[in-house]
Amino acid sequence: MRRIYFDNSSTSFSKAPGVSDDMKRMMDLGAFNINRGGYEEAYHVAAQVLETRQLLCQFFDFEKPKNVVFTPNITTSLNHLIKGFLRPGDHVITSSMEHNAVIRPLVQMEKQGVTFDAAQCNSDGTLDPQKVEDLIRPNTKAVIVTAASNVCGTFLPLKEIGQICQNHGLAFIVDSAQKAGTFPISMHDLHIDALCFTGHKGLLGPQGIGGMLLTDRMAHETVPLVAGGTGSASHLEEMPQFMPDRFEAGTMNLPGVIGLRAALQYLDSKAPGEIAAHELDLAMAMHDGLTHLRGVRAVGLDTRQNRAAIVSVDFPDDDNARIAFELEQNYGILTRVGLHCAPRAHQTLGTYPEGTVRFSFGWNNTREEVQFCLDALEKILA
Ligand SMILES: Cc1ncc(COP(=O)(O)O)c(C=O)c1O
């Protein structure tokens, strides 16, 4: 049976052309450690790693490649910041659409005396930025929000929130997991102090590589969570203060960086907005097709603007898990059902605790696949 992958919000598939080739070449020809070997082969890898930092700067409109830190994924980046930047007594503002990658570390930090409030989003996932400003207290230190909901794709108003942070001297930390790669994000224009990314979703790279881009203030004020060898300043028993070594103890996922580099080069070769336009065409075709089916409730925005290509659906008269199961078993359509690690988002959207069936589209999905899925749903619901 043919398989149709509509779970790109979980991880993108296919990866960008060139990713697996470059990773294989590196593993075959020599995955030499950077900062550890004083020979040409290691310098060559170091140059590619630096190039990847530069590409990320270009991508996120940021000027300091040395302040690009690699981590295994965005969850690790967010943990670094939430646990290393916040101190007992600090207050944080987040939103009611967050992934557990933000909420769980914040809840852990509550035990250390950090408090947080979640600005309440509307039932389509949109947020009135004034709600963020209303929550500011004298001890508020940071605002941490997702760029786009992983449940329904709705964008949060980063520009307005960034301006509020700027006006009040708050650090602005962004979870770019569902927006990066497909949609532009300018750290400069949005006044972002820490941009966390994961390489394996819209950036079309492999799993196991992510990171964060930090302003000097964030880099300086965040205590490194992990200490160890960096291959630099080895006479010191403390972590080096300079970037990116300050946050990069231990051997890095170099094949992952090389794969990410290939993915970034591919994205760079595309016309701006080309992938987003294609994915949104598919999402809107899905959305429109669903309106002709009975017993279906799509949540989130019903317009093309301010959203990623995610369509999340509740089947009020049916069992969502059964629908997802039938889609897979009988039609080979792969989706994700449940709460998508974002229970508060489902509370906001009115789909808690049952969750939704999530269809998330990628750069190499087609209109024909969407139509096949709509036909399958019609038959399942009949
Ligand atoms: C909005 C959001 N934040 C964070 C994450 C966590 O990503 P990772 O598992 O790559 O750390 C996800 C993944 O689904 C996400 O959608």
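Both ligands and their constituent atoms are indexed starting at 1 by order of listing. Note that the numbering runs from 1 along the sequence shown for the chain.
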message: Does only the side chain of T146 get under 4.0 Å from ligand 1, or the backbone, or both, or neither? Count heavy atoms.
response: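 Side chain only.
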
task: Mind checking whether E98 contacts ligand 1 via backbone (N, CA, C, O), side chain (CB onward), both or neither, at a 4.0 Å heavy-atom cut-off?
output: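 Within the 4.0 Å criterion, E98 makes no contact with ligand 1.
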
Is the count of non-hydrogen atoms from other residues, nucleotides or ligands lying under 6.0 Å from [X] atom [atom1] greater than 12?
X    : atom1 : value
F325 : CZ    : no
H168 : NE2   : yes
R367 : CZ    : no

Pick from N150, T198, T76: the one approaching atom 10 (O) of ligand 1 most closely through a non-hydrogen atom: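 The residue whose heavy atom sits nearest atom 10 (O) of ligand 1 is T198.
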
task: Between V151, D175, T11, flag the one that comes closest to atom 1 (C) of ligand 1 by a heavy atom.
output: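 Comparing heavy atoms across V151, D175, T11, the nearest one to atom 1 (C) of ligand 1 lies in D175.
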
message: Centroid separation under 6.0 Å, is that true for the rings of F197 and F59?
response: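 No, the ring centres sit 6.0 Å or more apart.
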
message: Check for me whether H200 has a heavy atom closer than 4.0 Å to any atom of ligand 1.
response: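 Right, H200 reaches ligand 1.
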
Quick one: look up the protein heavy atom nearest [atom] and list residue, atom name and how far away it is.
atom                    : value
atom 7 (O) of ligand 1  : I74 CG2, 3.2 Å
atom 13 (C) of ligand 1 : K201 NZ, 2.6 Å
atom 16 (O) of ligand 1 : Q178 NE2, 2.7 Å
atom 11 (O) of ligand 1 : T75 OG1, 2.5 Å
atom 15 (C) of ligand 1 : H99 CD2, 3.3 Å

- prompt: Shortest non-hydrogen contact from T230 to A249?
  reply: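 Result for this residue pair: CG2-CA, 4.0 Å.
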
query: Quick one: which ligand 1 atoms are inside 4.0 Å of a heavy atom on A101?
result: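 Counting from 1, the qualifying ligand atoms are 4 (C).
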
message: Is the terminal nitrogen or CZ of K66 (NZ for Lys, CZ for Arg) located under 6.0 angstrom from the six-membered ring centre of F242 and within 45° of that ring's axis?
response: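 Output no; distance or angle outside limits.
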
- prompt: With a 4.0 Å cut-off, would you call K270 and E279 a salt bridge?
  reply: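 Salt bridge flag = no for E279 with K270.
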
K24 and its salt bridge (charged side-chain N to carboxylate O under 4.0 Å, His left out) partner, picked from D28, D21, D22: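 When D28, D21, D22 are each tested with K24, the salt bridge (charged side-chain N to carboxylate O under 4.0 Å, His left out) holds only for D28.
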
